[in-house]
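In what follows, residues are counted from 1 in the order of the sequence shown.
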Amino acid sequence: SPDVQCQLLRLLSALAFNNRRLQELIRKQNKIEPIIGFFKSHNFLIQEYAVRALLTFIANDHKNKEAARKFGAVPALVDLLSSEVEMVVKSAVRGISELSLGENKSKTDFRKADALPSLVKLLDTSLVDVEAAAATDATAREMAEMTDCTCSTYVLECISVLCSNNSQNQVAFASIIGALEKLRDLLQSADLREVYHAINTVGAVIKGNKKTKRALLDVAPVIGDQLARLAAYEEARLANLALQVMKLLK
């Protein structure tokens, strides 16, 4: 039943957390493929717990990331970006980030799977809150803590991972109509987490790439002034990051 499947996925995720022996065993016994298969479930809770389980299996594990790619994690995660349920989308975005960390092959695969246009679209998409989607489901209410960060915060972090030290992804992102404008506008967000990750994403998109830096300055000629104001902000971590990115614009 769906409830049993959810509980089993939760149990697997909990047991595999920081457990390298179990992560290796799961890979060697080819159990990653059926986990990814649950992404296609029509039950959003099963989708959610399956992505969480995959996140646990691939965290800081190159071989498990390779196995996940082999069994179709890239297109499966991109497909989940079109979910109308916010917590599923957030977890899918986190999955893309984790699968891409330190993995240029994953970054390339996600670009070819059109992850970047889907991520950019999410920067201004309103999704169904988990409690509204399943107000009578206790398990869904239990998951509601995932809504504390905005979807845009997760998406910005993911875009920065995909573009970091990857010139093709930098250019691909900058070439999406409206992408740089959204990035510029998020620097003025009322949510400081969005602002921080917007700054970080600007840095990831332009670092070492004259083409994307020029494109950003074309759509946001005053971005240097924006960053200068943020560099004077009282929150030290945000101010320091703004200062670092300002240097990249020079």
Side-chain angles (χ1 to χ4, degrees), residues 51 55 77-78 80-98 100-101 110 115-132 143-164 166 169-170 172-174 176-207 212-213 215-217 219-249:
V51 177
L55 276 165
L77 286 167
V78 174
L80 288 179
L81 295 179
S82 62
S83 172
E84 294 183 353
V85 181
E86 186 176 61
M87 70 179 188
V88 174
V89 174
K90 285 181 176 180
S91 285
V93 172
R94 289 173 60 211
I96 293 171
S97 296
E98 183 60 47
S100 300
L101 278 172
F110 279 118
L116 285 167
S118 296
L119 289 166
V120 170
K121 186 177 180 181
L122 286 169
L123 288 175
D124 59 3
T125 299
S126 295
L127 299 167
V128 177
D129 183 89
V130 59
E131 291 189 353
M143 303 282 286
E145 77 276 0
M146 288 190 66
T147 64
D148 60 349
C149 280
T150 67
C151 188
S152 289
T153 300
Y154 285 89
V155 171
L156 287 166
E157 181 180 31
C158 185
I159 293 171
S160 69
V161 170
L162 290 171
C163 291
S164 180
N166 190 299
N169 283 8
Q170 289 173 326
F173 173 80
I176 298 169
I177 295 174
L180 293 173
E181 288 86 347
K182 289 182 179 182
L183 203 52
R184 173 200 64 200
D185 294 344
L186 281 162
L187 290 173
Q188 303 175 69
S189 170
D191 187 316
L192 289 184
R193 289 170 297 188
E194 287 187 354
V195 174
Y196 179 87
H197 286 287
I199 297 169
N200 194 50
T201 303
V202 169
V205 169
I206 67 171
K207 187 175 182 179
T212 56
K213 181 166 70 173
L216 178 64
L217 290 171
V219 302
V222 296
I223 194 169
D225 294 335
Q226 286 181 284
L227 289 169
R229 287 194 294 271
L230 292 168
Y233 196 75
E234 60 186 11
E235 208 286 315
R237 195 164 72 105
L238 187 150
N240 289 336
L241 182 61
L243 188 60
Q244 292 173 31
V245 176
M246 279 178 61
K247 294 177 181 178
L248 297 176
L249 283 171

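With K121 contributing its side chain and S82 its backbone, the two residues share no donor-acceptor pair below 3.5 Å. A distance-only check finds a donor-acceptor pair linking the side chain of T212 to the backbone of V205 [under 3.5 Å]. Using modelled atom types, no side-chain atom of S164 and backbone atom of V161 make a donor-acceptor pair closer than 3.5 Å.
Applying the side chain to side chain donor-acceptor pair (under 3.5 Å) test to every pair with at least one member in residues 176-187, sequence neighbours left out, gives these pairs: D124-K182.
Remark: the E194 side chain and the T150 side chain contain an N/O donor-acceptor pair separated by less than 3.5 Å.
The closest side-chain heavy-atom distance from L230 to V245 is not below 4.5 Å. When side chains are defined from C-beta on, L183 counts as touching F173, because their heavy atoms get closer than 4.5 Å.
Between A242 and A231 the shortest heavy-atom distance is CB-N, 3.7 Å. Contact between V78 and S118 at its shortest, heavy atoms only, is CG1-OG, 4.4 Å. Here the shortest heavy-atom pairing between A172 and L116 reads CB-CD1, 4.0 Å. Scanning all heavy atoms of the two residues, the minimum distance from V89 to C151 falls at CG1-SG, 4.0 Å. What you find for S152 and L122 is that their closest heavy atoms are OG-O, 4.3 Å. Considering every non-hydrogen atom in both A92 and L77, the closest pair reads CB-O, 3.8 Å.
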Please test L81 against L119 for side-chain contact (heavy atoms from CB on, under 4.5 Å), starting from the C-alpha separation and ending with a verdict. CA-CA 8 Å; L81 295 179; L119 289 166; 4.1 Å; yes
Taking it one step at a time, do Q170 and I206 satisfy side-chain contact (heavy atoms from CB on, under 4.5 Å)? CA-CA 7 Å; Q170 289 173 326; I206 67 171; over 6 Å; no
Quick one: do L156 and L123 satisfy side-chain contact (heavy atoms from CB on, under 4.5 Å)? Show the steps, please. CA-CA 8 Å; L156 287 166; L123 288 175; 4.1 Å; yes
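The only member of N200, N169, T201 that meets side-chain contact (heavy atoms from CB on, under 4.5 Å) when paired with I159 is T201.
Note: N166 CG to F110 CZ = 12.5 Å, rounded to the nearest 0.5 Å. Rounded to the nearest 0.5 Å, atoms CD (Q244) and CG (L249) are 13.0 Å apart. A distance of 14.0 Å separates CG in N240 from OH in Y233, rounded to the nearest 0.5 Å. Between the CD atom in Q188 and the CZ atom in R229 there is a gap of 7.0 Å [rounded to 0.5 Å].
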